[in-house]
Trainee: 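My questions all concern the structure below.
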There are 2 protein chains.
Amino acid sequence: MTNTATQTPTRANNRIGVVRDIAAELFAEKGFHETTMRDIARRAGMLPGSIYYHFPSKADLLAGVYEEGVSRLLARIDAADPGPRAEPWARLEAVMTAHVEAILDRSAYARVMIRVLPDAAPGAAARLIEARDRYEARIAEVIARLPLAPGIDRRLLRLFLLGAANHVQVWRREGGRSPAEIAVALVRLLRDPARGHG
Amino acid sequence: MTNTATQTPTRANNRIGVVRDIAAELFAEKGFHETTMRDIARRAGMLPGSIYYHFPSKADLLAGVYEEGVSRLLARIDAADPGPRAEPWARLEAVMTAHVEAILDRSAYARVMIRVLPDAAPGAAARLIEARDRYEARIAEVIARLPLAPGIDRRLLRLFLLGAANHVQVWRREGGRSPAEIAVALVRLLRDPARGHG
DNA sequence: ATTGACACCAAACAATCGTTTGTTTAATTT
DNA sequence: AAATTAAACAAACGATTGTTTGGTGTCAAT
C-alpha cells in the first residue's frame, strides 16, 4: 500500500484555503473595509486579480470566511459540550469557555464573526446573518436546559451572555486572566447571586 | 441688560456643530470607513473641501464626535443618577437605563462610541481611548458602591455589564422591549440569582 | 469707506479602491 | 503526443478616496 496517488492530491483547492485563512486574519485584525484585496494578495504571495479566480467578489470572500468560522466554532463547541445529560450549568460553563477561548484564539475565524457586522458587506449580508443565527441557535440549545427562576427570559439571557462574552475581545490584554477564568466568572455571575448582604 | 452682543454670537462656529452632528449620524449608521467626507458634506449642504475649514482631518472629525458623545452621555447619566445616597442597586438600574436609552436613541453620538472602535482611525486612537475611559470610570464609580458577595471582581462585572448592554444595539428591533425594560432585566439578572430550583 | 478675518466655493490633486481583461504556465486528461 | 483545464500573472480599468490650493463673497470692526 505505497500508493500515494489515490488520495486525489489534485492541485486544486489548496490555495483557496490559504487565501481564506489570510482574509480571515486580516478581517479580524483590521476590519472588512480596512482590508484591501491587495493586502490579502500580498500575504498570499499572489496578485490581486488572482483572488477572483477563487472568489467572485470581496463580499463573497467575507461570506466564505464567515461560514467557515461558524463551522469551526461549532466544532469547538461540540467538542467541549459534555452533552445534555450533564449538569446544565456545568455544561454552559464548558461551552462558554470554549467560546471565549475561540474568540481570543490566534485562529482568526471566530474573531471575524464578532468584529465584522453583516451590514459591512450588503451584498453578502443575508449569508452572514444566516451563519450567525446557526451559531446562536446552538447556544440557545444549551440555555434552554438551564433551571431558571420564574420570569427569566432565556432569549435575553442568551443575548446578554453573548454580548458580555464577545466584548472580551475588546478589553482583554495579554497576561491577564485566562479565557477559561473569564468564562467561568461570567457564568458564575449569572448562576449565583452577585449581591452581598446589603 | 438688553446687551445681546456679549455672548459672542459671531457667525463663527455654527455650521461646525451641524457638520459634527451629521458626521455622528453617518458614523453611527455606516461606520467610519464606510462614510466618506463627501457623504457628510452633501448632507450638510456644502462642499467636501469646506469641512477642512472646521476639522483638520477625517480622524480629527471622528475624535470630535467621540468626545462630544462622551460629554452628552455623561450628562444623561448624571441626570439619571439618584446619587451616592440612594440604594446602590437602584442607582445602577437608573444609570444603566439611561445608558441603554442613549445607545438606542436617534441621537447618534452615543452610538458612534460603541460602533466605531479606536483602531479605525489610528491617527486619533489615543483621543478616542481617553474619551472612552472617561466614561467607563463614571460607571465604575457606581459599581464601586454595590454590596457584592465576596470574591466578585468589580472590574469584570463592569466589563460584562457594558458588553451586554452595548450588544443591545446589534440585536434590538423596533417594537420589542423598551430600553428601560432591557436595562432593568439586565441589572436584575446580576442582582438576583438567575438559577431556579435545580 | 476700508480692512481683515471668517466661512465657504470651485476645482483639482495624487493615491488607492474593487474589479476586469487577455495571456501564460503547468498539471491533468484523452 | 495532443487537447484541455486549473491557477495563476501582467496590466490596466474607471471610480472613489481624503485632501489641498487658490479664490470669493460676507460680515464685524475700524
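Chain letters run A, B, ... following the sequence lines, proteins first, then strands; residues in each count from 1.
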Trainee: Would you indicate what B:Gly45 reaches in the nucleic acid, counting non-hydrogen atoms under 4.0 angstrom: base, sugar-phosphate, or nothing?
Mentor: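 Sugar-phosphate only.
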
Trainee: Map A:Gly49 and A:Thr36 onto DNA chain C by nearest heavy atom, then report which one ends up closer to the 5' terminus.
Mentor: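 Closest to the 5' end, via its nearest nucleotide, is A:Thr36.
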
Trainee: Could you point out which residue of B:Arg72, B:Arg172, B:Arg111, B:Arg76 forms a salt bridge (charged side-chain N to carboxylate O under 4.0 Å, His left out) with B:Asp105?
Mentor: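 With B:Asp105 as partner, salt bridge (charged side-chain N to carboxylate O under 4.0 Å, His left out) holds for just one option, B:Arg76.
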
Trainee: Report the distance from atom NE2 of A:His33 to atom P of C:dT16, rounded to the nearest whole Å.
Mentor: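 So the two atoms are 19 Å apart, to the nearest Å.
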
Trainee: Where the side chain of A:Met46 is concerned, which of D:dC9, D:dT19, C:dG18 is the nearest nucleotide?
Mentor: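 For A:Met46, the side-chain atoms sit closest to D:dC9.
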
Trainee: How close or far is atom C1' of D:dG23 from atom OH of B:Tyr52, stated in whole angstroms?
Mentor: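 About 20 Å, once rounded to whole Å.
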
Trainee: Quick check: closest heavy atoms across B:Ile51 and B:Met46, and the distance to 0.1 Å?
Mentor: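 That closest heavy-atom pairing would be N-CE, 4.4 Å.
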
Trainee: Go through the steps for A:Tyr135 and A:His99 under the test ring-ring contact (aromatic ring centres under 6.0 Å, His included), then give the verdict.
Mentor: CA-CA 11 Å; A:Tyr135 177 69; A:His99 176 87; 5.6 Å; yes

Trainee: Nearest whole angstrom, please: distance from the P of C:dC9 to the CZ of B:Arg38.
Mentor: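 The distance from CZ of B:Arg38 to P of C:dC9 comes to 14 Å, rounded to the nearest Å.
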
Trainee: What is the distance, rounded to the nearest whole Å, between atom CE of A:Met37 and atom P of C:dT20?
Mentor: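 It is 10 Å, rounded to the nearest whole Å.
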
Trainee: What is the distance from CD1 of B:Ile51 to P of C:dC9, rounded to the nearest Å?
Mentor: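 Distance check: B:Ile51 CD1 to C:dC9 P gives 10 Å.
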
Trainee: Taking atom C1' of C:dA10 as reference, at what distance in whole Å does atom OH of B:Tyr53 sit?
Mentor: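 Spelled out: OH on B:Tyr53 to C1' on C:dA10 is 18 Å.
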
Trainee: Please examine the side chains of B:Asp39 and B:Lys30, heavy atoms only from C-beta on, and report whether any two atoms are closer than 4.5 Å.
Mentor: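 Sidechains of B:Asp39 and B:Lys30: in contact.
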
Trainee: Phosphate oxygens OP1/OP2 of D:dA8: is one of them under 4.0 Å from a side-chain N or O of A:Arg15?
Mentor: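 Affirmative; the distance criterion is met.
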
Trainee: Measure the distance from NZ on B:Lys58 to P on D:dT19 and round it to the nearest whole Å.
Mentor: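 The distance from NZ of B:Lys58 to P of D:dT19 comes to 8 Å, rounded to the nearest Å.
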
Trainee: Give A:Ser50 one of three labels, base, sugar-phosphate or nothing, depending on what nucleic acid heavy atoms sit under 4.0 Å from its own.
Mentor: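 Base contact.
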
Trainee: Rounded to whole angstrom units, what separation is found between the NE2 atom of A:His54 and the P atom of C:dT19?
Mentor: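 Distance, rounded to whole Å: 16 Å.
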
